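All values derive from a computational prediction rather than experimental measurement. Computation of the quantities below employed the complete heavy-atom set of this structure, encompassing side-chain atoms and omitting hydrogens, waters and symmetry-equivalent molecules.
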Amino acid sequence: MTFAKLSSKQKQLFRWCYGHAYRAVICDGAVRSGKTVCMIAAFILWAMHEFDGATFGICGKTVRSTERNIIMPLQSIADITAYFKLTYTRSINLLTVEGNGRKNHFYVFGGKDESSYMLIQGITLSGVLFDEAALMPRSFVEQAITRTLSVENAKLWFNCNPEHQFHWFYKEWICKAKERNALHLHFLMSDNPTLTPEQLAHAEKNFSGVFHDRYIKGLWCNAEGLIYRAFANNTADYLLDAPPDDILFANIGFDFGGNGSAHAGICTGFSRSLQRVVVLEEYYRKEVISPSVLEQDILAFIRRCQKQYRVYNAYFDSAEQVLIKGVTAAAVKARVPINIHNAKKSGILGRIRLTDHLLSQHRFFVMKHCRHLIEAMQTAVWDSKQITKDVRLDDGNYNIDSLDAMEYSIEPYMQDLVETGGMKQS
C-alpha cells in the first residue's frame with residue numbers, strides 16, 4: 001500500500017502534528033473515507049521524527065481488534081516499511097519501530113469496559129492513537145490522556161465513526177475542539193481519492209436508516225423509529241416462497257421465554273461463500289409450558305429442520321443453563337444429532353447493524369411462512385426514552401424473542417458475513 005494520491009483533508013492529517021498549533025487531532029465521519037489508514041501512517045511518521053527511545057499508546061476497543069485494524073494494515077504500508085523495521089510481539093502487545101537511528105515502542109491497549117482504565121495506569125506516553133474512540137469508555141480515554149501530560153510536545157490522535165448526538169466524546173471533544181486545542185477534520189467518502197464512483201455507490205448500499213446517516217453521511221444522530229425500515233417498507237422484496245437451491249447448511253438459534261416473553265427458535269440457512277442468509281423455519285410458543293414439554297418441542301423443531309437441511313449446530317440463550325442441559329440430555333437420549341452451544345450473545349447493536357448490512361445489500365431473506373419473524377422485523381423500533389445509547393425497545397409489546405433467536409443463529413459467522421459484503425469501517 002502506498003499513498004500515491006491524497007485528498008486535502010488527508011494532507012492536513014499528515015501535516016498538523018509538526019508544530020505547536022494543536023495538541024490533538026480528531027477525525028470523524030463516514031466509513032471508507034480513508035481517515036484511519038492515513039492516521040496510522042501519520043502517527044508513526046510523527047513519532048519517529050520527533051522522538052527516540054519513547055513509549056506510545058495505540059488504543060482500540062480490544063487488543064485483537066486493534067491488531068486487526070491498526071497493526072496489520074500498518075505492516076502493509078510501503079511508505080512506512082521502506083524506512084522503518086516493524087516488529088510486533090503479540091505476547092506483550094508491543095510494536096517496536098526502528099529506523100534512521102531511532103527506536104520507539106508502541107503498546108497496544110484495549111478499552112472495552114469501565115475497568116479497562118486500570119490497564120493503562122502508571123505508564124508515561126509521548127502520544128496516543130485512539131482508534132474508534134467513540135466505542136471506548138470515557139474513563140479509559142481520560143486515563144490514557146493523563147499518561148501524556150508530563151511529556152512535552154505529546155499529541156493525541158482520535159478517529160471514530162459517529163454515534164448518537166449525546167455521546168460523551170461528541171459533546172466533550174468534537175463540540176469543544178477549539179477550547180481543547182484540537183484540529184477537527186470531518187471526513188466523507190468523497191475525501192478518499194482511491195474510491196471509484198462504483199465503489200462509492202457500493203458503499204452507499206451497505207447501510208440504511210440511522211446507520212446510513214452515521215456511516216455514510218457522517219452525522220452524529222439519535223436512533224429513532226423503525227429499526228429495519230428497509231424491510232418494513234418493502235417486505236415483499238425480502239420474502240421467498242421456496243428455499244434457494246444453493247443453501248449449503250443451516251444453524252438454529254433459540255431464545256428461551258419467561259415473564260411474558262416467548263420461546264422462539266429460528267433455523268437460518270447460508271448459501272455458498274455466505275453470499276446469502278435465509279430464514280428457513282421458525283418455532284414460536286408464548287404460553288407457559290414445563291421444561292419437559294419445551295425439550296420435546298425443541299427436539300421436534302430440530303428434527304423438522306434436519307429433514308430438509310444440513311443442520312449441525314444450535315445456539316441457545318446462555319442465560320438459561322439448566323434448560324440447555326436439559327435439552328442436551330434429551331437430544332442425547334433421543335439420538336438427535338445436533339451440537340448444542342451457548343449463543344455468543346454479542347452486543348445487540350452489533351447484531352442489528354449486521355442484519356441492516358445484509359438487508360441493505362439484499363442478502364437477507366425470509367421464507368413467507370415464518371410470520372412471527374416477519375412481523376418482528378416489521379415492527380421492531382428504537383427505544384425513544386434512551387437518548388444516550390441505542391437500545392431496541394423491549395417492553396413486552398414487541399416480539400424481541402424471534403429477533404434474538406435469529407441473531408443467535410447468524411452471529412457465529414458475523415465477521416465472515418461482514419467481510420463477504422465489504423462492510424469495512426475506516
Full working for side-chain hydrogen bond (donor to acceptor under 3.5 Å, both in side chains) between Glu132 and Asn69: CA-CA 10 Å; Glu132 291 296 350; Asn69 298 335; over 6 Å; no
Under the criterion side-chain hydrogen bond (donor to acceptor under 3.5 Å, both in side chains), I'd like the reasoning laid out for Glu282 against His369: C-alpha separation, chi angles, the key distance, then a yes or no. CA-CA 9 Å; Glu282 71 172 2; His369 63 266; over 6 Å; no
Report the C-alpha distance between Ser290 and Ser292 in whole Å, list the side-chain angles of each, state the deciding distance to 0.1 Å, and finish with yes or no for side-chain hydrogen bond (donor to acceptor under 3.5 Å, both in side chains). CA-CA 5 Å; Ser290 67; Ser292 60; 3.1 Å; yes
What verdict does the side-chain hydrogen bond (donor to acceptor under 3.5 Å, both in side chains) test give for His184 and Asp28, after you've listed the backbone C-alpha separation in whole Å, the side-chain angles of each residue and the deciding distance to 0.1 Å? CA-CA 8 Å; His184 177 212; Asp28 73 326; 2.7 Å; yes
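Closest approach of Ala41 and Ile77 over heavy atoms only: CB-CD1, 4.2 Å. Closest non-hydrogen pair, Leu135 versus Glu163, comes out as CD2-OE2, 3.6 Å. Tyr88 and Asn93 get closest at one heavy-atom pair: OH-CA, 3.4 Å.
By the 4.0 Å N-to-carboxylate-O rule, Asp390 lies close enough to Arg214 to be salt-bridged with it. With respect to the salt-bridge test (charged N to carboxylate O, under 4.0 angstrom), the residues Glu172 and Lys176 qualify. Salt bridge status for Arg392 with Glu407: present, with a side-chain N to carboxylate O gap under 4.0 Å. Ionic pairing of Arg351 and Asp404 is present here: one or more N-O contacts between side-chain nitrogen and carboxylate oxygen are shorter than 4.0 angstrom.
Looking at Thr87 and Leu95, their side chains never come closer than 4.5 Å, going by heavy atoms from C-beta outward. Using a 4.5 Å cut-off on side-chain heavy atoms (C-beta onward), Leu403 and Tyr408 make no contact. Side-chain contact check for His341 versus Asn313: some heavy-atom pair is nearer than 4.5 Å.
The main-chain N or O of Gly29 is found under 3.5 Å from a side-chain atom of Asn161 such that the two form a donor-acceptor pair. Between the side chain of Asp356 and the backbone N or O of Ser208 there is at least one donor-acceptor pair closer than 3.5 Å. Between the side chain of Arg229 and the backbone N or O of Gly209, no donor-acceptor pair lies under 3.5 Å. Using modelled atom types, one side-chain atom of Gln10 and one backbone atom of Ser7 make a donor-acceptor pair closer than 3.5 Å. A donor-acceptor pair is defined here as one N or O able to donate and one able to accept, closer than 3.5 Å; no such pair exists between the side chain of Arg32 and the backbone of Leu188. Side chain of Gln386 to main chain of Asp383: no donor-acceptor pair is present (N/O by atom type, distance under 3.5 Å, no hydrogens or angles). Between the side chain of Ser116 and the main chain of Gly111, no donor-acceptor pair closer than 3.5 Å is present. Lys344 contributes no side-chain N or O that, together with a main-chain N or O of Pro412, makes up a donor-acceptor pair within less than 3.5 Å. The main-chain N or O of Phe256 is never found under 3.5 Å from a side-chain atom of His263 such that the two would form a donor-acceptor pair. Counting only distance, with no hydrogens or angles, the side chain of Ser271 and the backbone of Leu274 share no donor-acceptor pair below 3.5 Å.
Aromatic rings of Trp46 and Trp157 (six-membered ring for Trp) have centroids within the 6.0 Å cut-off, being under it. Separation of the Tyr117 and Phe140 ring centroids does not fall under the 6.0 Å cut-off. When ring centroids are compared, His372 and Tyr284 come within the 6.0 Å threshold.
A donor and an acceptor atom, one from each side chain of Tyr312 and Gln306, are nowhere located under 3.5 Å apart. Between the side chains of Asn399 and Glu375, no donor-acceptor pair is found at a separation under 3.5 Å. A donor atom on one side chain and an acceptor atom on the other are not found under 3.5 Å apart for Glu224 and Ser384. Between the side chains of Asn104 and Glu98, no donor-acceptor pair of N or O atoms lies under 3.5 Å.
Listed by first and then second residue, the salt bridge (Lys or Arg N to Asp or Glu O under 4.0 Å) pairs involving residues 317-343 are Asp317-Lys345 (not counting sequence neighbours). Pairs passing the ring-ring contact (aromatic ring centres under 6.0 Å, His included) check and including a residue from residues 227-248, sequence neighbours excluded, read Phe231-Tyr238, Tyr238-His362. Within the structure, salt bridge (Lys or Arg N to Asp or Glu O under 4.0 Å) pairs that include any residue of residues 286-307 comprise Glu281-Arg304, Arg285-Glu287, Arg285-Asp297 (at least two apart or interchain). Residue pairs meeting the salt bridge (Lys or Arg N to Asp or Glu O under 4.0 Å) criterion with at least one member in residues 257-266: none, sequence neighbours excluded.
Between atom CZ of residue Phe254 and atom SG of residue Cys267 there is a gap of 12.5 Å, rounded to the nearest 0.5 Å. Here the straight-line distance linking atom CE of Met72 with atom CZ of Arg68 works out to 9.0 Å at 0.5 Å rounding. Interatomic distance, Phe364 CZ to Ile410 CD1, rounded to the nearest 0.5 Å: 6.0 Å. Gln75 CD to Ile40 CD1: the interatomic distance, rounded to the nearest 0.5 Å, is 10.5 Å. Taking CD1 from Ile71 and CD1 from Ile58, the interatomic distance works out to 4.0 Å, rounded to the nearest 0.5 Å. In this structure, the separation between NE2 on His186 and NZ on Lys35 is 9.0 Å, given to the nearest 0.5 Å.
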Mind listing the side-chain donor-acceptor pairs of residues 246-253 below 3.5 Å, one per line with the distance, residues two or more places apart or on another chain?
unit_1, atom_1, unit_2, atom_2, d
Asp246, OD1, Arg276, NH2, 3.0
Asp246, OD2, Arg276, NH2, 3.3
Asn251, ND2, Ser409, O, 3.1

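At most 12 non-hydrogen atoms from other residues, nucleotides or ligands lie less than 6.0 angstrom from CZ of Arg310.
With sequence neighbours excluded, no residue satisfies side chain to side chain contact (heavy atoms under 4.5 Å, CB included) with Val288.
Using a 30° and 60° split on the angle between ring planes, Phe43 and Phe56 fall in the perpendicular class, above 60°.
Each of Phe166, Trp168, Tyr170 was checked for a ring pair (Phe, Tyr, Trp, His ring centres under 6.0 Å) with Trp220, and the lone residue meeting it is Tyr170.
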